[in-house]
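Bear in mind that the values here come from a model prediction, so they are computed numbers and not experimental data. Numbered from 1 within each chain, the chains take letters A, B, ... in sequence-line order.
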Number of protein chains: 2
Amino acid sequence: MAFHPLEEILHPGSIAVIGATAGENTPGNGFVRSLMEYGFKGNIYPVNPKHSEIAGLVAYKNVKDIPGPVDYVISSIPAHGVLEMIQDCGEKGVKAIHLFTARFSETGRKEGVELERKVLAEARKAKIRLIGPNCMGLFYPAHGISFSDALPKKGGTTGFISQSGQMAEDVGRYAALRGVFFSKAISYGNAIDFNECDFLEYMGQDPATERILMYVEGVRDGLRLSNLLKQITLKKPVIILKGGTGESGTRMTSSHTASMAGSKQVWQAMVRQAGGISADSMDELLDIATSFTFLPRIEGFNVGIAGGGGGASVLAADHCEAAGLKVIPLPVEIREELKQSGSKIWDWIDNPADMSIRDRSDFTPGHCLELMAKHRDFHLLAALMMDPHHEHQRSTTLEDILNQFKIETRFIKPMLAVVPDKSLGGEEFDDWKWEMLCRLRTRLMELKVPFYPTIARAARAAAKMAEYYQRVTGKE
Amino acid sequence: MAFHPLEEILHPGSIAVIGATAGENTPGNGFVRSLMEYGFKGNIYPVNPKHSEIAGLVAYKNVKDIPGPVDYVISSIPAHGVLEMIQDCGEKGVKAIHLFTARFSETGRKEGVELERKVLAEARKAKIRLIGPNCMGLFYPAHGISFSDALPKKGGTTGFISQSGQMAEDVGRYAALRGVFFSKAISYGNAIDFNECDFLEYMGQDPATERILMYVEGVRDGLRLSNLLKQITLKKPVIILKGGTGESGTRMTSSHTASMAGSKQVWQAMVRQAGGISADSMDELLDIATSFTFLPRIEGFNVGIAGGGGGASVLAADHCEAAGLKVIPLPVEIREELKQSGSKIWDWIDNPADMSIRDRSDFTPGHCLELMAKHRDFHLLAALMMDPHHEHQRSTTLEDILNQFKIETRFIKPMLAVVPDKSLGGEEFDDWKWEMLCRLRTRLMELKVPFYPTIARAARAAAKMAEYYQRVTGKE
């Protein structure tokens, strides 16, 4: 494996924030504080000609005044000062600059496009590599680097390459609520130097990254992307959300990150042929990331479902089929086992196993899931967990719920959980029901059982995961 | 308008619960307690040969022993006792029985089918009308009738006809969290006497019901349903979720409510041609119900969007277009107004209005929404409200948020809000962020602004609503 230029750049020993500001809740201050809060171990140098101290650190008038070496610069100054700053950084021996600075080609204005061209030329001359402009840069919790105080401090094994900074932050914090944490996330904006392909190539080699998420608005080199996907997806899944797939979305991408977007069909065909996985929304990106984080390999499409009542079972079957899973009838061997064990509904119960018809209180969804798990025809199990809503459920313990579903069945076959999560409302925020749901979710994360708010979303994510393994198996 | 037989049946003066039980958390006890808790004003008679008192009320050995008249019976006894019970009810002069009792044709067993046939014949002979069997029956909060302690006590203007009992309960409680409450909800199960068409016909005439939701698994008389929809949808929207649209879902419906389901395409074409609105999931049923409850008539498909950052704006445009809305470019008149008012981004900002590029702190999403509302080209406004996630947002007040979005703009054009509601997790249940979100949602309900967890869901519901009004306008 070749040495990748980003390996050194993303492991800086010291960072200067040029355009660091004193005012709280300003970006130039937030970059400095986040490095301190997330535990960056190297030197942090705020740079601002008007201050001698920022966030308790010595501030310098110019990057050239900093006593020690500076590996990495975060630029938070206005666009008109960037050319001079790059010259200063060149003299200082800086290796890379993350340009948080915006107002370049994304404005659609001639002068912005022109300035962006000059910025790249100046950086080349100074032998400095660029991330951005118009982006949030690097989130690397294991190395103490964050661009936002809203991101989790805990690191993980998922990588994220995001053209949008807000998306990087949103996905980072929402993923944490599903138990998914990041090795590195990079927001790369207008991508005038390093682009999505460079970051993908790097994360493909990065041993700390086991799966890669991407949010891209425009792609500069489709052939390179396709070739990279073909190689990397043999080893790691790559899940891509594309922004700007419609007429107006395409118009928007140019004013957001100056990207040229293309047709949705062409894009999806390319991703699929190259072994990547397309996500249709941020929620689906999160769902698929959660699935790959927690579920072992899914060997096929046959799903066994238990836990819901009648209507929920009917709809669960519809949603699973619409997603491409197969809801096979309950195999005759399982019916026989149920009959032997004295069940009065052995001839009636099916897959999904409708819990409203069960004939005795000790016959739980877990019984069905266990029988399905042990049967060769099933590849995946879905536990439909009801949200608590009756007063008498207040005393239900998490162990009661987990026992009902024989959660240890997850060691026999891949198992996911559906935990309803409808819109909060009213004064329900301090309600015992929400507390129970939150504790249940926390416990499921500990047990490495992924959860989804609806069976429809669970089924779509699981189907895309199963398809990925079918493709990879075919290739190998 | 003809007198409808259900009008009298659904307004009983007295109710007997046959098979009432003493044990808490048993259905036969729950029916009695719910009538008491929800404030039913008529007499409530528990019937059970083994008890003289149930839930603090005098219990009778047989319905015939009850001193006063009995209008309506809830049957919670086992299936084998139903024929005799109907005879007793006939002698007592009961007008209608809701058969919560199950284990009939839905078991798929010959004896269950046969018994169901006899039950109907016996009821006809006794001149008693039936709701069910295998269902939860009536929820009518304004009349003090409920089948579950989890449903809201507050009544409303939405009707719900649900073949599944669990669905009736789930929709009832989830809708309340969106500000949608019910005039009546009816779970009707196997529908051997009154069926979905009877209930639809009744709710079409019911002045307390302004919109009708349906969950159906099988339809006995497609032509009658189509004709009813054609008439009723001229006056009230009817939104239908169909269970059993796939291969396995079809198999499941027969074991749930003994229904014959049909092809998804044929079904959707029928509903559409008859003026009804198809929902694809319970979430969509709730979203569309929320839209019709809070939004005034939407006159077209052009949506104006403001409030998100760059990535969110790009994806919002994609999702709106995919749903069938039109995300028109920002009209030149609005650009001129922005230019006149000194905006430095008048030539750059677009629709959706990307708030990450705004040039001054007093330029809010509300400014954009107000300009869009006043422009003739826009038919609908979407306010993308971010969920709070930075520590410094802790002090944000609801009024701050509502002012940011100029929420009074809702009086100029229909306006909806997107309030993110990702999966809860960790120990977040007691977090200030969730409390703020819940309070915001409560306030939006009070202001009659519908909210949705994603722009994709909001757009699909709004597009279906706009289509409905286009059709109705074309018809009228």
Participant: Take R173(A) and D387(B), measure what side chain to side chain contact (heavy atoms under 4.5 Å, CB included) needs, and give me the verdict at the end.
Facilitator: CA-CA 11 Å; R173(A) 64 199 180 87; D387(B) 51 345; 2.7 Å; yes
Participant: Heavy atoms only: give me the nearest R103(B)-I357(A) pair and the separation to one decimal.
Facilitator: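 Smallest heavy-atom distance, with atoms named: NH2-O, 3.1 Å.
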Participant: Could you check which of A102(B), A168(B), G310(B), S148(B) has the highest count of heavy-atom pairs closer than 4.5 Å to chain A?
Facilitator: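 Most heavy-atom pairs under 4.5 Å with chain A: G310(B).
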Participant: Flag the one option from A312(B), G179(B), G308(B) with the top tally of heavy-atom pairs under 4.5 Å to chain A.
Facilitator: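 With the most close heavy-atom pairs to chain A, the winner is A312(B).
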Participant: In terms of heavy-atom pairs under 4.5 Å, which option from S162(A), S356(A), P352(A) contacts chain B the most?
Facilitator: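 Heavy-atom pair counts peak at P352(A).
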Participant: L315(A) and K242(B): which non-hydrogen atoms are nearest, and at how many Å?
Facilitator: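 Of all heavy-atom pairs spanning L315(A) and K242(B), the closest is CD2-O, 4.0 Å.
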Participant: For residues 316-326 of chain A, dump all side-chain donor-acceptor pairs below 3.5 Å to protein atoms at least two apart in sequence or in another chain.
Facilitator:
unit_1: D318(A); atom_1: OD1; unit_2: T245(B); atom_2: N; d: 2.9
unit_1: D318(A); atom_1: OD1; unit_2: G246(B); atom_2: N; d: 3.1
unit_1: D318(A); atom_1: OD2; unit_2: G244(B); atom_2: N; d: 2.6
unit_1: D318(A); atom_1: OD2; unit_2: T245(B); atom_2: N; d: 3.1
unit_1: D318(A); atom_1: OD2; unit_2: T245(B); atom_2: OG1; d: 3.4
unit_1: E321(A); atom_1: OE1; unit_2: E247(B); atom_2: N; d: 2.7
unit_1: E321(A); atom_1: OE2; unit_2: S248(B); atom_2: N; d: 2.7
unit_1: E321(A); atom_1: OE2; unit_2: S248(B); atom_2: OG; d: 2.6

Participant: R443(B), M386(B), Q166(B): which one forms the most heavy-atom pairs within less than 4.5 Å of chain A?
Facilitator: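 Heavy-atom pair counts peak at Q166(B).
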Participant: Under a 4.5 Å cutoff for heavy-atom pairs, which residue among N351(A), D170(A), L241(A) has the most contacts with chain B?
Facilitator: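 Answer, by heavy-atom pair count under 4.5 Å with chain B: N351(A).
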Participant: Measuring only between side-chain heavy atoms, which start at C-beta, is H390(A) closer than 4.5 Å to E169(B)?
Facilitator: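 Heavy-atom side-chain distance check passes, below 4.5 Å.
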Participant: Taking every non-hydrogen pair under 4.5 Å, which of S313(A), G309(A), A456(A) racks up the most with chain B?
Facilitator: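 The residue among S313(A), G309(A), A456(A) with the greatest pair count is G309(A).
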Participant: Report yes if the side chains of H389(B) and Y174(A) come closer than 4.5 Å at any heavy-atom pair, otherwise no.
Facilitator: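 Side chain of H389(B) against side chain of Y174(A), heavy atoms only: no contact under 4.5 Å found.
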Participant: Look at S164(A), A150(A), G108(A) and state which one has the largest set of heavy-atom pairs under 4.5 Å with chain B.
Facilitator: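 Most heavy-atom pairs under 4.5 Å with chain B: A150(A).
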Participant: Counting distance only, does the side-chain N/O of R109(B) pair as donor-acceptor with the main-chain N or O of D347(A) below 3.5 Å?
Facilitator: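 Not a single qualifying donor-acceptor pair exists.
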Participant: Let's test your reading of the structure: which of D350(B), L440(B), D280(B) forms the most heavy-atom pairs below 4.5 Å with chain A?
Facilitator: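 Going by pairs under 4.5 Å, I would pick D350(B).
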Participant: Is the closest side-chain heavy-atom distance between T107(B) and I345(A) below 4.5 Å?
Facilitator: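 No. Closest side-chain heavy atoms not under 4.5 Å.
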